[in-house]
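We use all heavy atoms of the structure for the numbers below, so side chains are in, but hydrogens, waters and symmetry mates are not.
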Amino acid sequence: LRLLLAGLALLGVVYFLKGFLLQLTDDGAENGSPDAGNLTDLELAQRAFRTGNDEKAYSLLSNCLAEESKAPMDLAMCKTALGELYLVGSTVTPRNLTKAKELFEEAASVGEADAQYNLAILYANLPVDNDELRRNEALAVLYLYAASTGGHPGALMAMGYRHLHGYGVPQACTTAALNYIDVAKGVASIYSSGMPQAVELVRLNLPQKDRKVLSSSELNLFVQIATSGDSTVAAAIGKRYLLGIEGFKQDFSKAKQYLQLAATHKQNAGALALLGYIYCLGLGTPVNLDTAYAYFVTAASSNDPLGHNGLGYIYFRGTNAQARNLKLAFKHFNESAYGGSSDGMFNLASMYLTGTAVQESFQKAVLYYTQALDRGHTPAAYSLAVMHLNGIGTVRDCDIAVNLLKKVCERGEWVSSKLVSAYDFGDKNPNKAALMFLKLAEAGHEVSQMNVAHLFDSGQPNLFSPDEGGEPAKADDYFWEEDSRSYGRNIAQRFYELSAEQGSASSELRLGDYAYYGWGRSAGFTPQEGTSDGPIVDQGEDWADFPLPSIYTSDKVLLTPQNVDYEAALARYRKTADMTVTGEWMQSFVARASFNLGFMHQFGIGIPQDLNLARQHFFRCREVDPSGLHAPVTLALTLLACHLRYLRLPTPDEFKERFFADLRSHILLLHLAGLLILVLLQCYLSRRRQAGATGPGRPATLPMPSSTLREVEAPVAATATSTSNELRRRTGEGVVLDLD
């Protein structure tokens, strides 16, 4: 027993030291890097801002602005970073929207693209009833255009998104493509030559249990299983470290460590192929094509698709030890494609497109590019977009091309870095998270639009509230109409609408709730003197006094509360309920929309009552989300069945007519009348009997003093009992006793 306890204690110490060392390794990777000493004050301040050390960020930025020898653009970048610090607020820099705007304007005046983009965000989302800080869509578009000419990725994406849908600018598909294509080309080249950080899209309005993100305890458990010798788990962990998915931060050294562990123990083919990728692309290690070739050969011998693709790449390029062989490259790309590798499909399509080692075929190139795109291959999306844009091998379709380019741009480093920062901030700093999501939302990123709408809808951030030293705005502030969430809902509605335009089920459902409860706002322009919003009338040839509509004469946006609109709510709920479920995250929202439709049909809210259709919607709710909560649906169906029974009951007039027309009803009434008469007769006779027992011929009983009552109580009771028995006996013998 002592040995057992000692062994367990030793094992616990080993696991504790192991976890401690892993934590130290993670902290060192995050807080210190080999090139940390080469970073500028601005880069160090940005790192401190991301890690939540606002005091250090403010100190570094203040030092940066104090150096007069810096170039104007460097000073402008420091002003932009300091403006963001004032915008979100902290203990060092209380939130000051006016100061942030001034810093952005100073930086934008010298052409700093980030400052111009931040100003565009401000002017697109500021309140509409503040003269100093007021929403101005024209200035927002102007600053976006200025930032896009400077090559800002977000501004280029935002202008492409606006031109695609016609938001504040003329709708022009070709202009949208020109804005997207430069960013998309850079993103595609990065994916073709490396392994960029993959970011999983997390929707904040989903419950934590449905977000499919591993917790730290689960990560540690898998790491322990892998280190204990399980090659399958080790290969899976190595792949996740390599791609940076499912809660594992991208770390090429750790990926190599676990992949080598899996490859050494049981020659895991997938791990061998990924090790070949690491040496082939130089991920965390110098490029070594010969070592990569050895790994690829071993993996391909087990018919691994990634191994075949790696061999095809080696034969296509050629090395010092292996001569270039295009036919073998085509053969291995073909094997990889048929094995299901998206990289193999992309490379095979590229060979068909260029006619390398095979007869040129644009149609086959489009086919394999499409198959690679279905598996999420980013360079394939870019190639297909270019082919659709120019009509090569397929019909020319600008809309398809622009949507593909948009997807490619949203997988770039600019988007992924903002997403990582936003998710890291989370509930710890909702203002910073909202700022990151705002930058992406203005660029047309649908998940970010939904997330920033959810944040403002819940009242967490206060980026655009009055300057109060970082404190949330109160209900009596000068532009908060109803409560502290009023203006937040104005911003939320804007991004819910943008997200719903891109097919978001959750945003469409929430807009239905806004219409049902009357939370929405309608936008218009403030009419000025001498203007008219009425219909245009014919003024003959004299147009001098013709009043133009306020949309042409005023740039002041007026938000007016919308009344409860059940028809609009029904339209939103129907659109959501009719959506095809393309992901598990959509199930709960489509189910809720079906439930809301059933409720409105059951009680006739905004639509004629239809209980059968209500029942169909309730059943649809259960079918769409089989793993959801069914108790509300079951209760609703039970109430609906009771409702149906109630409605099937006859009216009072029909009930009377049917009741008196039935002979059984008359018989029942006669029986009831007879019973009533018998009851009344029995009551009458019992009363007469009681009255006779206390008649006038019976002698009165004198009251007895209380002192003697206790003495005679027992004898009286005995006497009464004997008298009663005597009466029963004589009555049984037929003797009638006259009590008088």
Shortest non-hydrogen contact between Ser594 and Ala577, atoms and distance: OG-CB, 3.7 Å
- prompt: How close do Ser499 and Ser507 get, heavy atom to heavy atom, and via which atoms?
  reply: OG-OG, 2.9 Å
query: So, Ser336 side chain and Leu306 main chain: donor-acceptor pair closer than 3.5 Å or not?
result: no
field: Presence of salt bridge, Glu413 and Lys418, under 4.0 angstrom
entry: no
query: What residues, two or more places apart in sequence or in another chain, satisfy side chain to side chain contact (heavy atoms under 4.5 Å, CB included) together with Val110?
result: Ala76
message: Testing the basics here: between Glu446 and Ser504, what is the closest heavy-atom pair and its distance to 0.1 Å?
response: OE2-CB, 3.0 Å
message: Taking Ala147's backbone N and O only, do any of them form a donor-acceptor pair with Gln116's side chain (distance below 3.5 Å, no angle check)?
response: yes
field: Non-neighbouring partners of Thr370 that pass side chain to side chain contact (heavy atoms under 4.5 Å, CB included), sequence neighbours left out
entry: Val366, Asp374, Leu384
message: Could you check whether Lys185 and Tyr180, counting side-chain N and O atoms only, form a donor-acceptor pair closer than 3.5 Å?
response: no
- request: Mark yes or no for whether Arg510, through its side chain, and Ala505, through its backbone, hold a donor-acceptor pair below 3.5 Å.
  value: no
Without placing hydrogens or testing angles, list every side-chain donor-acceptor pair under 3.5 Å for residues 389-408, not counting sequence neighbours.
residue	atom	partner	partner atom	Å
Asn390	ND2	Val386	O	2.8
Arg396	NH2	Asn390	O	3.3
Asp397	OD1	Asp399	N	3.1
Asp397	OD1	Ile400	N	3.2
Asn403	ND2	Asp399	O	2.8
Lys406	NZ	Glu410	OE2	2.6
Lys406	NZ	Gly444	O	3.0
Lys406	NZ	Gln502	OE1	2.9

message: Determine whether a donor-acceptor pair (N or O, by modelled atom type, separation under 3.5 Å) exists between the side chain of Tyr191 and the backbone of Arg411.
response: yes
field: Pairing residues for Leu326 by the side chain to side chain contact (heavy atoms under 4.5 Å, CB included) criterion, not counting sequence neighbours
entry: Phe316, Arg324, Thr356, Ala357
statement: Across all chains, not counting sequence neighbours, the side chain to side chain contact (heavy atoms under 4.5 Å, CB included) partners of Gln371 are Met345, Leu367, Tyr368, Arg375
query: Which class fits the ring pair Phe346 and Tyr369: parallel under 30°, tilted 30 to 60°, perpendicular over 60°?
result: tilted
- request: Determine the interplanar angle of the Tyr293 and Tyr315 rings, folded into 0 to 90°, and report it as parallel if under 30°, tilted if 30 to 60°, perpendicular if over 60°.
  value: perpendicular
Pair Tyr161, Asn179: side-chain N/O donor-acceptor within cut-off below 3.5 Å: no
query: Got a sec, which residues hit side-chain hydrogen bond (donor to acceptor under 3.5 Å, both in side chains) with Glu508, two or more places apart in sequence or on another chain?
result: Arg572
message: Strictly distance-based, threshold 3.5 Å: is any side-chain N or O of Tyr117 a donor or acceptor partner for the main-chain N or O of Lys439?
response: yes
- prompt: Does one side chain, of Asn320 or Asp290, offer a donor that lies under 3.5 Å from an acceptor on the other?
  reply: no
Minimum-distance pair of heavy atoms, taken over all atoms of Ala235 and Ala271: CB-CB, 4.1 Å
query: So His152 and Trp414, would you call those rings parallel, tilted or perpendicular, with 30° and 60° as cut-offs?
result: perpendicular
message: Assess the residue pair Glu43 and Arg50 against the criterion (salt bridge (charged side-chain N to carboxylate O under 4.0 Å, His left out)); give the C-alpha distance rounded to whole Å, side-chain angles, the decisive distance to 0.1 Å, and a yes or no.
response: CA-CA 11 Å; Glu43 292 170 335; Arg50 289 193 299 268; over 6 Å; no
- request: Please step through salt bridge (charged side-chain N to carboxylate O under 4.0 Å, His left out) for the pair Glu137 and Arg162, ending with a clear verdict.
  value: CA-CA 12 Å; Glu137 187 69 13; Arg162 284 175 173 262; 2.6 Å; yes
- prompt: Can Glu442 and Arg494 be counted as an ion pair, charged N to O under 4.0 angstrom?
  reply: yes
query: If you look at every heavy atom in Gly412 and Val187, which pair is closest and at what distance?
result: CA-CG2, 3.6 Å
